[in-house]
Amino acid sequence: MHYTNYQPTPVYSSDYEPLMPCHPARARKLLRNGRAAPHHVRGIFGIRLLDRSRAQCEVQDTSLNVDAGSDISGFAVVQDDDNGQRTVLALVELRHRAKAIKSTMTGRSQHRRSRRGRLRHRAPRFNNRRREPGTLPPSVDSIHLDAMRVVSTMCRIYPVSRFSIERYKFDTQLMNNPDIRGVEYQRGTLFGWQVRAYIFNRDQGRCVYCRRRNVRLELDHIRPRAIGSDRVDNLVTCCRDCNLAKANRPIEEFLADRPELLTRILDRLQRSDLASAAHINTALPAIVRDLWTLGRPISSANAASVSWKRRQLNMPKNHCYDAALQGQDFSAIVSLPSRILVLRPNNGRSKQKANVDRHGTPIGRPFREHQRLPKRLRRRRNPAPGHAGHHQRHGAHLISTGDTVTLEHHAQQYTGRAVIKSGGTRVAIHGTKPEISAQISQCRRIARNPRWTIRHASPAQQSHQASTVK
């Protein structure tokens, strides 16, 4: 596989329409010559041409491939030519927050149940709690909404003409009871691939014993099949060396010198967690339904074909790579970006107005001082943490925490993510030590808060040769 040593820069026309990305060196040249200007879309940097409209440019067809997961979803923007060669323009990894939302909602429900016995009885009002048809649980809905937000962002950045999504459905009944009767039910066209894909996804594509990636992975029984079973909680991902070293030995003997790992594996054996499979079974139809509303053709890929291509190309197990391998119209991948864009959604700005104790009562000196102020001065004198003041939120600057800003500090220009300081009067660049800051009136906002954190990750390079599907 040939990895390009650059990340293609998104390009927009003068009428703010997406064009084909270009080399970063060409983007810098256009900026120096005054033919382009910086342009951010939800925190992702690009350039906007000042002298070319969409009608004056030639745009090729590109496809946005989606590989949805419960913890991580992968997105790839690809372009296929007439010779069957595929160019990967962008790789995006979305880290979901479904587990954090589920734990939060579980804690709230337990708190409500503990309070229920101390409150007076009130008749239930079920008419006020009706849900619209198709409403998803909050943890599952976050997967659906965050994935669609990335899809809409990619459609604004690249000229996407069609979609491709990996369609699969985990059979939780087969996972829990592999001895179920009925050959037609068990041995379909994709028999075993759903279970294998689920286990590889659960173990993050690495050996559970030696934690190695980018090696040939197999399935191993924690308890040998003679005394165990084929249940999904008795199967783990392991490499060939560990599988041969363990053989039919008991897990206690094989991991005698690693008690912490032994305890973690045995604890997993005691409980079977199928929440991830249930999340995907529920969220995937909602994602497909929303993709149809965007008015572009949709094709589907199955886990078996993607796994076969991954083995032929000797590529590591990764959601982004699985998304890039979808489709049947290519025989070779000639270019792959050297970096993966990693997005982690957050709730944007903090909505907490004051520190509270475990009972929910506001505490702290800032809150007490805020309460002593006249009502007309409370918002202006002491805004909420993470916000700018009232005159800045609604004035000419409109800068708040998370926005991309540029400021001058000691006669030098700095650009980065803004953090509001000193009660909304100063702006600091996030992560700078010593702190780089300036008055809020001397800062200029470049882009609004994208409501996710952005970083780049370098994938492991398997080979530097062009790979071909044989």
Side-chain angles (χ1 to χ4, degrees), residues 7-13 15-21 39-48 54 59-70 72-79 88-98 101 134-136 138 140-167 279-280 282-300 319-320 323-324 326 337 340-349 402-404 446-456:
Q7 180 76 18
T9 303
V11 180
Y12 309 90
S13 62
D15 48 356
Y16 297 92
E17 293 294 330
L19 303 176
M20 299 302 295
H39 183 67
H40 290 76
V41 173
R42 290 180 177 173
I44 301 175
F45 173 78
I47 62 171
R48 180 173 61 89
R54 175 67 179 266
V59 178
Q60 290 80 25
D61 291 337
T62 60
S63 174
L64 175 60
N65 299 347
V66 182
D67 180 36
S70 61
I72 300 175
S73 292
F75 303 84
V77 181
V78 300
Q79 175 195 358
V88 182
L89 302 177
L91 295 173
V92 181
E93 184 179 277
L94 175 65
R95 299 184 178 272
H96 293 291
R97 49 200 173 101
I101 293 177
T135 302
L136 300 176
V140 180
D141 198 36
S142 68
I143 299 176
H144 159 232
L145 295 179
D146 291 341
M148 290 308 302
R149 189 161 177 263
V150 175
V151 169
S152 64
T153 302
M154 292 296 104
C155 292
R156 291 177 56 185
I157 295 177
Y158 300 98
V160 177
S161 57
R162 62 186 182 273
F163 299 119
S164 175
I165 186 169
E166 185 174 339
R167 298 290 302 272
H279 282 172
I280 293 302
T282 308
L284 196 58
I287 295 175
V288 175
R289 182 182 65 245
D290 286 359
L291 288 178
W292 278 112
T293 61
L294 298 180
R296 294 177 175 88
I298 302 178
S299 60
S300 61
H319 284 277
C320 297
Q326 295 179 17
I340 297 176
L341 187 68
V342 181
L343 305 178
R344 184 184 296 274
N346 53 44
N347 294 326
R349 299 175 297 191
D403 294 345
T404 303
I446 298 178
R448 288 184 181 273
N449 182 7
R451 291 173 56 191
W452 52 38
T453 57
I454 303 174
R455 68 179 183 89
H456 293 86

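Note that the structure is predicted; figures quoted are calculated from it, not measured. Note: hydrogens, waters and symmetry copies are ignored here, and every other heavy atom, side chains too, is used.
A heavy-atom distance below 4.5 Å is found between the side chains of V59 and R54. Residues Q79 and D61 have side chains not in contact (no heavy-atom distance under 4.5 Å, counting atoms from C-beta outward). Side-chain contact between Y158 and P10 is present, with at least one heavy-atom pair separated by less than 4.5 Å. F75 is not listed as a side-chain neighbour of L91, based on a closest heavy-atom distance of 4.5 Å or more. The shortest distance between side-chain heavy atoms of P159 and M20 falls below 4.5 Å. Side chains of I157 and P18 form no contact here, defined as non-hydrogen atoms less than 4.5 Å apart. Looking at I165 and L284, their side chains come closer than 4.5 Å, going by heavy atoms from C-beta outward. Residues I72 and E93 have side chains in contact (heavy-atom distance under 4.5 Å, counting atoms from C-beta outward).
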Step-by-step side chain to side chain contact (heavy atoms under 4.5 Å, CB included) determination, M148 to L291: CA-CA 8 Å; M148 290 308 302; L291 288 178; 4.1 Å; yes
Stepwise side chain to side chain contact (heavy atoms under 4.5 Å, CB included) check, L294 with F163: CA-CA 10 Å; L294 298 180; F163 299 119; 3.6 Å; yes
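P450 and G43 make their closest contact through CB-N, 3.9 Å (heavy atoms, listed as atom of the first residue, atom of the second, distance). Minimum heavy-atom separation, A90 to Q7: CA-NE2, 4.3 Å. The two residues Y12 and R156 make their nearest non-hydrogen contact at CE2-O, 3.3 Å. Listed here is the closest heavy atom pair of I298 and V288: CD1-O, 4.3 Å. The heavy-atom pair separating A147 from I287 by the smallest distance is CB-CD1, 3.9 Å. The minimum heavy-atom distance between L89 and P8, with the atom names listed, is O-CG, 3.6 Å.
In this structure a side-chain-to-backbone donor-acceptor pair under 3.5 Å is present from N65 to A323. Distance alone, capped at 3.5 Å, is enough to place a donor-acceptor pair between the S161 side chain and the T62 backbone. Put simply, the side chain of W452 gets close to the backbone of R42: a donor and an acceptor are under 3.5 Å apart.
For the atom pair H319 NE2 and R95 CZ, the distance stands at 9.5 Å (nearest 0.5 Å). In this structure, the separation between NE2 on H456 and CD1 on I340 is 10.5 Å, given to the nearest 0.5 Å. Atom CG of L341 is separated from atom OG1 of T153 by 10.0 Å, given to the nearest 0.5 angstrom. Separation of atoms CG (L343) and CZ (R149) is listed at 9.0 Å; rounding is to 0.5 Å. Rounding to the nearest 0.5 angstrom, the gap separating the CG atom in L19 from the CZ atom in R48 is 11.5 Å. Interatomic distance, CG of D67 versus CD of E166, reported as 4.5 Å (0.5 Å rounding).
The six-membered or imidazole ring of H39 lies near that of Y16, with a centre-to-centre distance under 6.0 Å.
With sequence neighbours excluded, the residues satisfying side chain to side chain contact (heavy atoms under 4.5 Å, CB included) with T453 are R344, N346.
Side-chain polar atoms of S73 and H96 form a donor-acceptor pair below 3.5 angstrom.
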